[in-house]
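Okay, so here's the structure we're looking at.
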Amino acid sequence: MGGAADNASSGSSFLFDKSAKIFVAGHRGLVGSAIVRKLQQLGFTNLLLRSHAELDLTRQSDVESFFANEKPRFVILAAAKVGGIHANNTYPADFIAINLQIQTNVIDSAYRYGVEKLLFLGSSCIYPKFAPQPIPEDALLTGPLEPTNEWYAVAKIAGIKMCQAYRIQYNWNAISGMPTNLYGPNDNFHPENSHVLPALMRRFHEAKVNGAKEVVVWGSGSPLREFLHVDDLADAVVFLMEEYSDLGHLNVGSGKEVSIKELAELVKEVVGFEGDLVWDKSKPDGTPRKLMDSSKLAELGWNPKISLKDGLVDTYKWYVQNVQQ
Ligand SMILES: NC(=O)C1=CN([C@@H]2O[C@H](COP(=O)(O)OP(=O)(O)OC[C@H]3O[C@@H](n4cnc5c(N)ncnc54)[C@H](OP(=O)(O)O)[C@@H]3O)[C@@H](O)[C@H]2O)C=CC1
Ligand SMILES: C[C@H]1O[C@H](OP(=O)(O)OP(=O)(O)OC[C@H]2O[C@@H](n3cnc4c(=O)[nH]c(N)nc43)[C@H](O)[C@@H]2O)[C@@H](O)[C@@H](O)C1=O
């Protein structure tokens, strides 16, 4: 099998040829849709997009036929089984199996059918539950994982390792970025299965509209989380496609953390809900803290631009216009 050999360290410019065929896997999701917006703003004209209904990436032979027929030049892998703490904890088989299937099929076919460069997206949950803070890239595989999302984390770690293995054995240009907790337009606002930020935005909005006196927030409020607007992530993805071609995965964070209590107060203010918060301590807190050390990416020249307050205002505006009934 041929594959795209001998381009691992350099490759050509990603930004130079705006007619290059780029497969953005998962283009209808939070991350994939932001990457599509960014690429379109930059003038790319040949984006290769398939919905889940059109191409199920868990089906190996369908994925192989797709790559054989379409032969994209670049791949950005933003398709995955994704969810918040409750979904991860409730559907462990889905989170490990679907993610292993999608990423294995896409990475292997991309290599076999001559893709020049692929970017794989992991998550900050790959790191040990009690990793040093801020978490450097080399904390990977140094301790036990957070139990609520270990199945998803194991799949994501396998994705990083698969990119590294194909680079080592085939000299193929696959890189990995590890985003922190993301939010923005096209997020999943499901009441139970979503991440905390969209879940609270919806709950506060519905409470405001219905005149409710209280809103329930899960856990103790003490866990710390780092949030990045998805438009900043999309900007970082383009930066990595242009500037980074190396073995190690890179953290992509905002460098700023807030407690869940602070986040809840901020979302409440942005939405304009005037009632009280009630903490449901029967729900899990998850990992106590996961601030990533994104200094390697900063040293390469990339930094985020959108503050959490501005990002929340932008996201709430989008929610009101696009999601709420
Ligand atoms: N959201 C976050 O906070 C974070 C996300 N990430 C990573 O970013 C990436 C994207 O996440 P995000 O955008 O939030 O997730 P979303 O759930 O918003 O989007 C995932 C996308 O993948 C598609 N997809 C899922 N299963 C399949 C399948 N079997 N075949 C084809 N397409 C499929 C979905 O299509 P459909 O909806 O039709 O099923 C959807 O378009 C993931 O790798 C995730 O791990 C990393 C850190 C944080
Ligand atoms: C991105 C990352 O996301 C997941 O990890 P997580 O950071 O723990 O995700 P979360 O956003 O769901 O919760 C953050 C905190 O917030 C609290 N919390 C309060 N109230 C609600 C609430 O209403 N919904 C949710 N979901 N959480 C709530 C919740 O109890 C927890 O303390 C991984 O599974 C994995 O998918 C991953 O990589």
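Along the sequence shown, residues are numbered consecutively beginning with 1. Atoms within a ligand are numbered from 1 in the order they appear, just like the ligands themselves.
- Of the polar atoms of Gly32, none of the N or O atoms is found under 3.5 Å from an N or O of ligand 1, judged by distance alone.
- In Ala87, neither the side chain nor the backbone holds a heavy atom less than 4.0 Å from any atom of ligand 2.
- Considering backbone and side-chain N/O of Ile98, none are found under 3.5 Å from N/O of ligand 1.
- At a heavy-atom cutoff of 4.0 Å, ligand 1 is contacted by no atom of Met178, backbone or side chain.
- Residue Pro223 places no N or O, backbone or side chain, under 3.5 Å from any N or O of ligand 2.
- Inter-residue side-chain proximity for Trp172 and Ile107 is flagged as met; some heavy-atom pair is nearer than 4.5 Å.
- In this structure, Gly122 is part of the shell of residues with a heavy atom less than 4.0 angstrom from ligand 1.
- Close contacts between ligand 2 and Pro284 involve ligand atoms 29 (C), 30 (O) [criterion: under 4.0 Å to a heavy atom].
- Here Ile102 has side-chain heavy atoms under 4.0 Å from ligand 1, and that is the only part of it that gets that close.
- When Lys290, Glu146, His86 are ranked by how near their heavy atoms come to atom 5 (O) of ligand 2, first place goes to Lys290.
- Counting atoms of ligand 2 from 1 in the listed order, those under 4.0 Å from a heavy atom of Gly84 are 12 (O), 34 (O).
- Judged by distance alone, with hydrogens and angles left aside, the side-chain atoms of Asn105 form a donor-acceptor pair with the main-chain N or O of Thr58 at under 3.5 Å.
- In terms of polar-atom proximity, defined here as any N/O pair under 3.5 Å, Leu182 does make such a contact with ligand 1.
- The Gly83 neighbourhood of ligand 2 comprises atoms 34 (O), 36 (O), with distances under 4.0 Å to a heavy atom of that residue.
- When non-hydrogen atoms are compared, ligand 1 lies under 4.0 Å from the side chain of Val82 (C-beta onward) but not from its backbone.
- Remark: the backbone N or O of Ser109 is not paired with any side-chain donor or acceptor of Glu64 at under 3.5 angstrom.
- Considering backbone and side-chain atoms alike, Glu192 places every N or O at 3.5 Å or more from each N or O of ligand 2.
- The shortest N/O to N/O separation between Ser124 and ligand 2 does not fall below 3.5 Å.
- Taking any N or O of Lys156, backbone or side chain, at least one lies under 3.5 Å from an N or O belonging to ligand 1.
- Each of the atoms 38 (O) of ligand 2 lies under 4.0 Å from some heavy atom of Cys125.
- Close approach of ligand 2 to Arg203 is summarised as follows: ligand atoms under 4.0 Å from at least one heavy atom of the residue are 22 (C), 23 (O).
- Proximity of Lys81 to ligand 1, defined as any heavy-atom pair under 4.0 Å, is not found for any part of the residue.
- For ligand 2 and Ala199, the ligand atoms under 4.0 Å from any heavy atom of the residue are 22 (C), 23 (O), 24 (N).
- Comparing Leu182, Leu277, Val196 against atom 17 (C) of ligand 2, the shortest heavy-atom distance belongs to Val196.
- One finds no salt bridge joining Lys38 and Asp231 here, because no Lys/Arg side-chain nitrogen approaches an Asp/Glu carboxylate oxygen to under 4.0 Å.
- The nearest protein heavy atom to atom 37 (O) of ligand 1 is not closer than 4.0 Å.
- Proximity of Arg225 to ligand 2 is established by a heavy-atom distance of less than 4.0 Å.
- Using a 4.0 Å cut-off between heavy atoms, Tyr152 contacts ligand 1 through its side chain alone, with no backbone atom that close.
- Of all protein heavy atoms, the one lying nearest to atom 15 (C) of ligand 2 is Ile260 CD1, 3.6 Å.
- The shortest separation from a heavy atom of Ala78 to ligand 1 is under 4.0 Å, placing the residue in contact.
- Using a 4.0 angstrom heavy-atom cutoff, Asn188 does not count as in contact with ligand 1.
- Residues Asn89 and Pro284 meet the side-chain proximity criterion, which asks for heavy atoms closer than 4.5 Å.
- When only interatomic distances are considered, the shortest N/O to N/O separation between Asn181 and ligand 1 does not fall below 3.5 Å.
- For atom 38 (O) of ligand 2, the closest non-hydrogen atom of the protein is Ser123 OG, 2.4 Å.
- At the top of the distance list for atom 12 (O) of ligand 2, counting protein heavy atoms only, stands Ile85 N, 2.7 Å.
- The heavy atom nearest to atom 33 (C) of ligand 2, considering only Leu224, Asp280, Asp285, Asn149, is found in Asn149.
- Looking only at heavy atoms of the protein, atom 34 (O) of ligand 2 is closest to Asn88 ND2, 2.9 Å.
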